[in-house]
Amino acid sequence: MSGLGNAALDHLRDVLERPDLSGTRYDLVEPIAQGGMGTVYRAWDRELARDVAIKVVRSELADSEIAGRLTGEAKILAQLEHPGLVPVHEVGRLADGRSFYVMRLVRGQELDLAALEVRTLPERLRLYLKILDPIAYAHSRGIIHRDLKPGNIMVGPFGEVLVLDWGIAKAVSTREAAGPAERTAALPGATNPGAVLGTYGFMAPEQAIGGSVAVDHRADVYSLGVILRTLINPAGSGAKPLVAIIARATAADPAARYAGVGDLAADVSAYLDGRPVAAYHENLIERIGRFVSRHQVAIGLVVAYLLMRIVLLVFR
Amino acid sequence: MKKPVFGLILGGVLGVFDGLSALISAPETAPGIAGIVAGSTVKGIITGALIGWIARRLDSLLLGVVIGGAIGLALAGVISVMQKLSGQPPYYWQIMLPGAILGMIVGYATFTHRERKVA
């Protein structure tokens with residue numbers, strides 16, 4: 001083995017890792033993404049003659065609780081029917097014993113790449129609002145994502161936004177999703193209380209210290225605040241209301257954050273429409289400036305009318 | 001409120017003020033101010049209703065402002081011609097230019113007005 005180069009070793013590893021799809025209606029095409037608990041492959045559905053994505057648990061984790069978590073992810077996704085969430089077609093176990101599930105093949109770009117093509121701040125904020133919609137829906141169904149970051153958000157060719165990788169999502173009751181959570185639901189592969197799951201830099205402080213039981217939907221609000229910060233920089237970093245929105249969403253104390261994703265969306269929409277945002281108390285000059293900016297065409301026309309009247313009066 | 005109704009009301013209200021402004025811009029018209037205000041109000045109502053009707057079929061704010069200005073200009077022109085035909089001194093620019101801008105204001109407001117749907 002010592003004679004093998006790194007490339008040959010990687011190839012060997014890939015071949016060994018390749019899932020055995022015999023007994024299914026799918027043909028393996030290529031790996032397209034690698035996650036903590038599994039690999040996502042592009043595959044060909046022979047019966048329906050279409051591309052699909054298959055997420056397969058990594059071979060060394062096949063017998064661990066991770067396998068149960070993959071099934072749990074599929075069940076969570078199957079419960080959530082929303083245009084911003086990837087539909088699951090099938091779940092099961094391969095001939096090699098590894099758990100898998102089949103979902104729609106998502107085409108597009110990850111959020112941070114897609115955002116590079118969105119030049120203006122309003123366009124970026126409208127894109128951001130599309131992210132909030134499926135998350136708000138998931139919260140209304142008692143599901144929190146816990147790993148929201150640009151890498152888990154895809155922007156499709158038609159501008160549609162899909163939130164992916166619900167591998168560490170947590171199910172709480174809908175009552176808890178609207179308020180502080182007190183328990184973790186007994187889903188297959190549910191996270192052990194105390195385990196730190198998520199992505200540093202995007203996860204909420206209460207999530208980072210491993211207090212899994214105390215984490216509720218406001219952890220997602222925190223992550224969404226961080227995503228907003230990355231999305232609007234540098235164009236919107238000077239806008240005080242936007243800075244205030246981010247500050248409220250990413251407050252260290254969950255109680256100081258927006259109570260829900262709907263409230264965050266309402267504030268971003270208000271900023272886009274030139275209305276006051278709940279997170280920022282503006283002074284009189286700022287209020288007048290916002291009013292003028294919002295109604296500049298109407299104000300311009302009224303001023304033009306008055307000027308016209310004055311000119312006609314002077315030169316009558 | 002539906003766009004034609006909104007345009008009609010806004011056009012009428014602005015028409016009243018536009019007519020009253022004749023007291024400042026042309027004080028010699030004071031004896032006939034009631035007729036001027038009535039004419040201006042009717043012009044505003046027709047302008048607003050027309051713009052409202054168009055706004056329900058068109059989705060371009062710029063076109064809305066332009067069409068509003070054109071309708072305001074045309075109706076004010078008709079009033080000027082009617083003045084001339086009735087033997088009164090015609091006020092072409094004094095009526096037509098403000099009329100056009102008022103039409104643009106009504107066009108902008110009506111096209112940006114959001115109709116609330118009754119549940």
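Chain A is the first sequence line, chain B the second, and so forth, proteins listed ahead of strands; every chain is numbered from 1.
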Are more than 12 heavy atoms from other residues, nucleotides or ligands located less than 6.0 Å from atom [atom1] of [X]?
| X | atom1 | value |
| --- | --- | --- |
| A:Ile285 | CD1 | no |
| B:Phe17 | CZ | no |
| B:Glu28 | CD | yes |
| B:Arg57 | CZ | yes |
| A:Asp253 | CG | yes |

Please state whether the side chain, the backbone, both or neither of B:Ile24 comes within less than 4.5 Å of a heavy atom of chain A. both
Pairing residues for [X] by the side-chain contact (heavy atoms from CB on, under 4.5 Å) criterion, not counting sequence neighbours:
| X | result |
| --- | --- |
| A:Leu127 | A:Leu111, A:Val118, A:Val155, A:Val161 |
| A:Glu286 | A:Lys240, A:Tyr280, A:Glu282, A:Asn283 |
| B:Val42 | B:Ile46 |

Name the region of A:Leu301, side chain, backbone, both or neither, that has any atom closer than 4.5 Å to a heavy atom of chain B. both
With a 4.5 angstrom heavy-atom cut-off, could you sort out which part of A:Val311 is near chain B: side chain, backbone, both or neither? neither
Closest approach of A:Arg309 and B:Gln94, non-hydrogen atoms and distance? NH1-O, 3.5 Å
How would you list, in number order, the residues of residues 104-111 of chain B that have a heavy atom less than 4.5 Å from chain A? B:Met104, B:Ile105, B:Tyr108
